[in-house]
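Written out below as structure tokens is the structure these notes cover.
The model shown is predicted, which means the values in this text are computed figures rather than measured ones. Quick note: numbers below take in every heavy atom, side chains included, and nothing from hydrogens, waters or symmetry partners.
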Amino acid sequence: MSEVKIELENVKPMDIEKRSFEIITEELGEKNRLLIPGTELIVKRCIHTSADFDYADNLCFSENVVEKALDAIRGGASIVTDTHMAHSGINKHTLARYGGEALCFMSDPDVAEEAKKRGVTRAAVCMEKAARLDRKLIFAVGNAPTALVRLYEMIENGTVKPELIIGVPVGFVNVVQSKELIMQTDVPYIVARGRKGGSNIAACICNALLYMLSSDRGY
């Protein structure tokens, strides 16, 4: 059996991410022209995080959502996540420059107790706890469709008015439906339509917005 010659690109460590974005842009080809102006970095960061080009088609953006999201961050909005993984992935140093912080209540004892008592998910209770905070809020949901459903209910009854919802839970049970509910609200949203998403995608969308503000890593 003859050996196949494998050629590696000679890329300096500091240039690997930049080169990755060049490859993404090349492989998107004509689709680059079809991306909504202002959303390109978000789409490409999702592809960079997942190596999944479907995000060029399934990411949905409400009208002027990027501009509204950036204004919210500039105004000190905090980001609430439904997983510690998403929370860990957010660039907290950059967020703190604008007075915001990343929050996750999934491990809070009161959340676990309330969820058990009512027979609901901790993610849903986390959204309720966040809604009681007296601050501007961005919700980044990458795992639990129940969190999106609860947000939808609270938006409908006027309990909460998020600055932005990043709705990208991954999975099968009520995942598609929960995202469609969020897109029926009048709240700014970035949603990965369909079953795809994840905590890593939620964090990378947050970071894409933060990098836009800081002009850092804006490939």
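- Taking a 6.0 Å sphere around CD of E26, one finds it holds more than 12 heavy atoms contributed by other residues, nucleotides or ligands.
- With rounding to the nearest 0.5 Å, the separation of CG in L209 from CG in N91 is 12.0 Å.
- R150 contributes atom CZ, which lies 12.5 Å from atom SG of C126 (distance to the nearest 0.5 angstrom).
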Stepwise side chain to side chain contact (heavy atoms under 4.5 Å, CB included) check, L213 with I73: CA-CA 9 Å; L213 282 176; I73 295 171; 3.4 Å; yes
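- For K116, the NZ atom sits in a loose shell: 12 or fewer heavy atoms of surrounding residues, nucleotides or ligands are nearer than 6.0 Å.
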Stepwise salt bridge (Lys or Arg N to Asp or Glu O under 4.0 Å) check, K92 with E101: CA-CA 6 Å; K92 300 170 191 64; E101 62 180 320; over 6 Å; no
Evaluation steps, side chain to side chain contact (heavy atoms under 4.5 Å, CB included), between R193 and E180: CA-CA 8 Å; R193 207 166 206 162; E180 295 296 324; 2.7 Å; yes
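- No chain of hydrophobic side-chain contacts below 4.5 Å, direct or via other Ile, Leu, Val, Met, Phe, Trp or Tyr residues, connects V43 to M183.
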CA sep, side-chain torsions, deciding dist, call: E17, R45, salt bridge (Lys or Arg N to Asp or Glu O under 4.0 Å): CA-CA 10 Å; E17 185 178 75; R45 283 210 166 272; 3.6 Å; yes
Derivation and outcome, side chain to side chain contact (heavy atoms under 4.5 Å, CB included), residues I205 and N207: CA-CA 5 Å; I205 292 173; N207 287 337; over 6 Å; no
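- When side chains are defined from C-beta on, T146 does not count as touching N174, because their heavy atoms never get closer than 4.5 Å.
- A 4.5 Å side-chain heavy-atom check between N32 and E27 finds every atom pair outside the cut-off.
- Note: K136 NZ to R74 CZ = 11.0 Å, rounded to the nearest 0.5 Å.
- Between R122 and E114 there is no salt bridge, since no side-chain nitrogen of the basic residue lies less than 4.0 Å from a carboxylate oxygen of the acidic one.
- Classification of R118 and E113 as a salt-bridged pair fails, no side-chain N sitting under 4.0 Å from a carboxylate O.
- With a 4.5 Å cut-off on side-chain heavy atoms, T39 and L59 do not count as touching.
- With values rounded to the nearest 0.5 angstrom, C60 atom SG is found 11.0 Å from I190 atom CD1.
- Here D110 pairs with K129 in a salt bridge; the nearest charged N to carboxylate O distance falls below 4.0 Å.
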Test side chain to side chain donor-acceptor pair (under 3.5 Å) applied to K179 and N58, step by step: CA-CA 12 Å; K179 295 173 181 179; N58 65 22; over 6 Å; no
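- Inter-residue side-chain proximity for P162 and V187 is flagged as met; some heavy-atom pair is nearer than 4.5 Å.
- In terms of modelled atom types and a separation under 3.5 Å, the side chain of N143 and the main chain of T83 share no donor-acceptor contact.
- Each of L164, L95, V80 was compared with I138 under the side chain to side chain contact (heavy atoms under 4.5 Å, CB included) criterion, and only L164 meets it.
- In this structure, E40 contributes its side chain and G38 its backbone to a donor-acceptor pair below 3.5 Å.
- Between D57 and K31 there is a salt bridge, since a side-chain N of the basic residue sits under 4.0 Å from a carboxylate O of the acidic one.
- In this structure, the side chains of I182 and F139 stay at 4.5 Å or more apart for every pair of heavy atoms.
- A distance of 4.5 Å separates CD1 in I79 from CD1 in I90, rounded to the nearest 0.5 Å.
- Between K68 and E163 there is no salt bridge, since none of the side-chain N atoms of the basic residue sits less than 4.0 Å from a carboxylate O of the acidic one.
- Of the inter-residue distances, the one linking H84 atom NE2 with S107 atom OG reads 2.5 Å to the nearest 0.5 angstrom.
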